[in-house]
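Presented below is the structure to which this report refers.
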There are 2 protein chains.
Amino acid sequence: MGKRSGRLSQASEVSTAERLIEVAGEIFAQKGNAATVREICAAAGCSVAAINYHFGDKQRLYVRCVEAACERKQRLFPVPNVDSLPGGTDLQTRKHREELLREFLRALARRTGSEATAPWQNTLMLREIIAPSEQVAERLGEYFKADFQRLDRLLGEVLGEVLNSPALRRSLATQIIARSMFLRTGKSLRAILGLDTPENEIPEHVADEICDSILNQISALRTNMKISS
Amino acid sequence: MGKRSGRLSQASEVSTAERLIEVAGEIFAQKGNAATVREICAAAGCSVAAINYHFGDKQRLYVRCVEAACERKQRLFPVPNVDSLPGGTDLQTRKHREELLREFLRALARRTGSEATAPWQNTLMLREIIAPSEQVAERLGEYFKADFQRLDRLLGEVLGEVLNSPALRRSLATQIIARSMFLRTGKSLRAILGLDTPENEIPEHVADEICDSILNQISALRTNMKISS
DNA sequence: ACTTGTTTGAAACAACTGTTTTATACCCGT
DNA sequence: ACGGGTATAAAACAGTTGTTTCAAACAAGT
């Protein structure tokens, strides 16, 4: 008994189910729901029965692809922990928080911008974002919510008690997410418009640009506040 | 002879071809290429033969939908003319250029953000942006190039001779496009994350926020330049 | 009224769709 | 060696796909 797999216990091959997720994710990313089970299975090198055997039906394979995309992104590009930040307003703690924000934005940018490690995941998740399907909406919501709440908290810490406000945090967060997402959403757009410089596609570079911009805005707000007081 | 239409010359109905584009665009936006000719024709209230008669095949109907989306966006939300701007560096001309930039960004934001007048066009074009199909890539390229070149030129004018540089223009333009696109790309994302304030969805409000941000950055650069010189 | 070219709907078409069935190979504990 | 659970492939399944055919309806010119 037991659920040990059948014929691949001694070799280092990947299981048919994993191969199917990998291959199906790529094809779903390209063609959406117009992808057929036959071309998926042909690409995975298995019979058409495999999908229904391992996943029940085509739709559940699709859901698993999106879930796998979320899981892999969180695993490959973890976001720095912001749960227990030391209090204090001295310069050193402030600098530390700003560097933490920078690391956070880099992780965010790597998730949406890195092409080498996760080719189809971004496209698939983007499809769900612009035309959400009911089956994965909740799952995708948890994925985004978790990291967003961390970002929101971190922004509050960077802003400090004086500046911190929900409205300002939301404005900055919107900016950050918009420009991070553009790493992927604007891919073909940049190609068309000739916006592609070598560093324009590098997640870390874009993240730093965003971070500098955010910190500059905060700095300007702080200056204005001091002047008016 | 002649190509006068058959049965709708005296009534103010729309032709079957136009009805098909309108209905097909909406369904294509929802389901992509998985949309079927039968559900399109059922929604348009005509027989399945209509698509092949008026457009040749399903694929060419899809291309026409994207083209129609581009055309209507340009018509509904025209971008201000920036071809013949008066020279000069006095305060009044500078203010005028900044207001022109604001109008430009508002038009951009209305294109991607207005839901009432163009419900499916944005989704359809976004689909093409994240997963371009060969048949419409060129058409879409022309659409974006035309307005982008105007924006690039306008940014150069706003920057002025001292600050103006291709790299800086590109950086600002990337920011503008990213945040404008987020009006649509981040729609469901904002809903999930609770970023939706009443004004957060209003194109004009977002455009003004972007414009202020851009002008502030330029202003900061100008100050730094004066200090260092 | 008759012809001409245009537009439409119902039916038919072959090809393809997702899924199920059936039979065979495989590994593992006994 | 053998039986039981697991995995796979080939074939068959009913339903749907995009497209075509064909006859009829229609408006306009003569």
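The analysis underlying the following values was restricted to heavy atoms, covering all of them including side chains, and did not include hydrogens, waters or symmetry mates. Lettering of chains follows the sequences in order, A, B, ..., and the numbering in each one begins at 1.
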In whole angstroms, how far is the P atom of D:dT8 from the CD atom of A:E18? 11 Å
Between atom CZ in A:R38 and atom P in C:dA15, what is the gap in whole Å? 14 Å
Nucleotide of C:dT20, C:dA11, D:dG18 approaching B:V48 most closely (side-chain heavy atoms): C:dA11
Figure out the CG/C1' separation between B:D57 and D:dT17, and round it to whole Å. 14 Å
Return yes when atom NZ of B:K31 has more than 12 non-hydrogen atoms of other residues, nucleotides or ligands closer than 6.0 Å, and no otherwise. no
For A:K58 and C:dC16, what is the distance between atoms NZ and P respectively, to the nearest whole Å? 16 Å
Taking atom P of D:dT17 as reference, at what distance in whole Å does atom CG of B:N33 sit? 12 Å
Send over the distance from B:Y53 OH to C:dA10 C1', rounded to a whole Å. 17 Å
State whether A:H54 places a side-chain N or O below 4.0 Å from either non-bridging phosphate oxygen (OP1 or OP2) of D:dT6. no
Tell me whether B:R19 is salt-bridged to B:E22, with the criterion being a basic N under 4.0 Å from an acidic carboxylate O. no
What contact category does B:A17 fall into here, base, sugar-phosphate, or nothing, at under 4.0 angstrom with non-hydrogen atoms? nothing
Paired with B:E204, the salt bridge (charged side-chain N to carboxylate O under 4.0 Å, His left out) test is passed by just one of B:R106, B:R102, B:R110, namely B:R110
Just compare D:dA9, C:dT19, D:dT17 and give me whichever is closest to any side-chain atom of A:S47. D:dA9
Any idea which of C:dT19, D:dA10, C:dT7 is nearest the A:A49 side chain? D:dA10
Please check if the number of heavy atoms outside B:E138 that lie under 6.0 Å from its CD is greater than 12. no
B:N52 CG to D:dG18 C1', in whole Å, measures 7 Å
To the nearest Å, how far apart are B:K31 NZ and D:dG18 P? 11 Å
